[in-house]
There are 2 protein chains.
Amino acid sequence: MSGRRVTMTDVARRAGVSRTTASFVLAGRRDMRISGEAEERVRRAARELGYRPNLTARGLRTSVTRTIALVSDIIATTQFAGEVIHGALDAAGARDHVLLIAETEGDPNVETRLVEGMLDRQVDGFVYATMYSREVRLPAALRDARVVLLNCYTEEARVPCVLPDEVNAGRDAAAVVLAAGHREGIHVIGGRHMTNGTPEGVWAGLERMRGIEEVMAEADVRLDGVVECDWQPEDGHREVRRLLAAKTVPRALICLNDRVSLGAYQALQEEGLRVPDDVCVVSFDDSDLATWLRPGLTSVALPHYRLGRTAVEVLLDGKPDPVVHRIPMPVMLRASHTAATAPPDPAVRPGT
Amino acid sequence: MSGRRVTMTDVARRAGVSRTTASFVLAGRRDMRISGEAEERVRRAARELGYRPNLTARGLRTSVTRTIALVSDIIATTQFAGEVIHGALDAAGARDHVLLIAETEGDPNVETRLVEGMLDRQVDGFVYATMYSREVRLPAALRDARVVLLNCYTEEARVPCVLPDEVNAGRDAAAVVLAAGHREGIHVIGGRHMTNGTPEGVWAGLERMRGIEEVMAEADVRLDGVVECDWQPEDGHREVRRLLAAKTVPRALICLNDRVSLGAYQALQEEGLRVPDDVCVVSFDDSDLATWLRPGLTSVALPHYRLGRTAVEVLLDGKPDPVVHRIPMPVMLRASHTAATAPPDPAVRPGT
DNA sequence: TTGAAAGCGCTAACAA
DNA sequence: TTGTTAGCGCTTTCAA
């Protein structure tokens, strides 16, 4: 029906000029001087014909495809994915680029296969992302490619990376608890995630805890306990129950993510304890859960959207300036930390 | 460093044959008979040089790129995205294709721009997806393209679509309630989602309710009430509170999604009612929430992964047979519906 | 100011 | 059985 696409040759013919001339005006190059009249004819012809350049052909010629790849280990499960992709898409779209997605499932063979597939398609660059912040080894196939690391980092090479600012997130969470007036009975649930699977802890946990402990030390406040456990609802539930069973009634709980907080809510509720009147709860991630819980959960947000967007910006705008970009994690104040109207004491965190 | 990619010319030269011969053996074409010896030389050369075909060049020549596009209205927010993309990725990868993602945000202009961008890159086909099941108008730019609809449908053209089997989901949910022994005090929360924003209801609501009502009628059981409201936690909470305030203590709640169920749990808990002992709860979607709630929530799953995978399979394998593919929604039995061990009475739904 | 022509890496019709 | 050749649609050098 609509038949074959109109090519530049069609446009040139209709405008009565050579393909060269058409190419120059359509590319908007002003260096080779073309008569205003010819230019106008070409533009009109292109418009009338509905001409659109074939980017495959252009890519073959120039080896730029205006296509970038987002390869990540696991994309599914968590809501991480959605907003990261959203941010990446927005940044790519704003620069007239398009985004290829791939998921390696943590398998190096799959990874190699996928990366080579993208290379075969001449992508202009890669965002290499992980679901959970951690150190990575860059796959060999990516050695000579433009790459930005998202939510991970590497020591092997000087490749730019984009990470959430977890230390300050920890500082802010602690500051919220202090600003709510607590100086004792403060417990941390989740800790560094030092469990069987991750005996050294996970990066987010280590960083958040560092921030928390810094602020506590500065305020001369002692944590009453740090429970190391997995970060699922059942873990939060179990550990808080255990706390309560030991007659240790906490005044404030810093939970290392919203799922842990959910478990904590459940355990507190079972004992007839009320948030925030009896126990103050502060959390991390600011997932949907934080708004769904009753009362609303105060949580330091993982800035998924900005992470995705920034990674693509760094990739495409290519400012090599800072090698690691730390994206601030905004604290979302809701009702679970008591002093809902009081912002965290700015004096506690002078660094911002 | 590694310099330019090795091309087929390099391979041919090293194997001492023409580019044609190299092309034929590398493409695995056996119709033009090539000596086993030449073939072997070409293969060796390709292997030794680490040859990989440039898919951009091939695409220009053959106009097949082994690249498909997933364009959807909103990708972020819900966990829908993650699993759908995951399924699509798996199916595409298994067929050695790669996936381009785009998000229109419901804006037709954005949509046109994005679709044309993909067309300019010569994608082989489109999966056109929506976050919530509904009817759509296919954008004009997609008229001449290979398209599969995902989670939506259109009356205008005979384009294949992939949809969750919501009617049977409704049937199964109702069957679970009946199998748990309830014949009265059954309330539905959420209904057809007939609210200000969507006065006619939403597709999922209409279909689920049809299934529910069919089964109830067949069993000669009367629903005690259907509450029409939005499907957020606060709505479930408010409506169940209202129910309880009216001294209508329900025996069973069918909530139209897991978020509504969360709100219901909260309201029941506030009144000291226990799930499932006092009230049986059955839900839809089977999101993470369903596993996180205590007790675990019995929920009819939206088969996100299979939806995504099937859409790509239909697109790539191109069986035109059924125009609409209904993907079954498995019921995930947990603790909230009481008779945890009893599967829904198969006699109730003979159609499977 | 414009056009001819080469070539990006690949496929495929045709000739040898 | 293999090689020559002509493109796919575009950019860009060079000559006119």
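Numbered from 1 within each chain, the chains take letters A, B, ... in sequence-line order. Below, each value reflects all heavy atoms present in this structure, side chains not excepted, and no hydrogens, waters or symmetry copies.
- Across all strands, A:Ala27 comes closer than 4.0 Å to no nucleic acid atom at all (heavy-atom distances).
- Here A:Thr21 reaches the OP1 or OP2 of C:dG3: one of its side-chain N or O atoms lies under 4.0 Å away.
- Taking side-chain N and O atoms only, B:Ser18 has a distance below 4.0 Å to OP1 or OP2 of D:dG3.
- A side chain to side chain contact (heavy atoms under 4.5 Å, CB included) with A:Ile68 holds for exactly one of A:Val123, A:Val98, A:Val312; it is A:Val312.
- In this structure, A:Glu37 atom CD and C:dT1 atom C1' are separated by 12 Å, rounded to whole Å.
- Counting only heavy atoms from C-beta on, A:Arg61 has its side chain closest to C:dG7 among D:dC8, C:dG7, C:dC10.
- Rounding to whole angstrom units, CG of residue A:Leu60 and P of D:dT12 are separated by 13 Å.
- One atom, CZ of B:Arg19, and another, P of D:dA6, lie 12 Å apart when rounded to the nearest Å.
- Atom NE2 of residue A:His304 and atom CD1 of residue A:Ile327 lie 13.0 Å apart, to the nearest 0.5 angstrom.
- In terms of polar N and O atoms assigned as donor or acceptor, the side chain of B:Ser23 never comes within less than 3.5 Å of the base of C:dA12 in a complementary pairing.
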Does the salt bridge (charged side-chain N to carboxylate O under 4.0 Å, His left out) test come out yes or no for A:Asp120 and B:Arg58, once each step is laid out?
CA-CA 10 Å; A:Asp120 296 345; B:Arg58 183 182 287 171; over 6 Å; no
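- Closest to the side chain of A:Val17, out of C:dG3, D:dT2, D:dG9, is C:dG3.
- Residue A:Leu26 contributes atom CG, which lies 14 Å from atom P of D:dT12 at whole-angstrom precision.
- Comparing C:dA12, C:dG9, C:dG7 by their closest approach to the side chain of B:Phe24 singles out C:dA12.
- For A:Met8 and C:dT2, the CE to C1' distance is 14 Å, given to the nearest whole Å.
- Checking D:dA6, D:dG9, D:dC10 against every side-chain atom of A:Pro53, the shortest atom distance belongs to D:dC10.
- Proximity of A:Arg58 to the phosphate of D:dG9: no side-chain N or O atom is located under 4.0 Å from OP1 or OP2.
- Using a 4.0 Å heavy-atom criterion, one finds that A:Ile34 contacts the sugar-phosphate atoms exclusively.
- Regarding contacts with the backbone of C:dT2, a side-chain N or O of A:Ser35 is found under 4.0 angstrom from either OP1 or OP2.
- Between the side chain of B:Thr130 and the backbone N or O of B:Asn151, at least one donor-acceptor pair lies under 3.5 Å.
- If you take CZ of A:Arg13 and C1' of C:dG3, they are 16 Å apart, rounded to a whole angstrom.
- With rounding to whole Å, A:Gln122 atom CD is found 13 Å from C:dC8 atom P.
- Where A:Thr9 and B:Arg41 each meet DNA chain D at their nearest nucleotide, the meeting point lying more 5' is that of B:Arg41.
- For D:dT4, its base sits under 3.5 Å from the side chain of B:Thr20 at one donor and acceptor pair at least.
- Aromatic ring pairs are classed by plane angle as parallel below 30°, tilted from 30° to 60° and perpendicular above 60°; the pair B:Trp203 and B:Tyr153 is tilted.
- Put simply, CZ on A:Arg5 is 10 Å from C1' on D:dG9, counting in whole angstrom units.
- In this structure, CE on A:Met118 lies 10.0 Å from CG on A:Leu70, to the nearest 0.5 angstrom.
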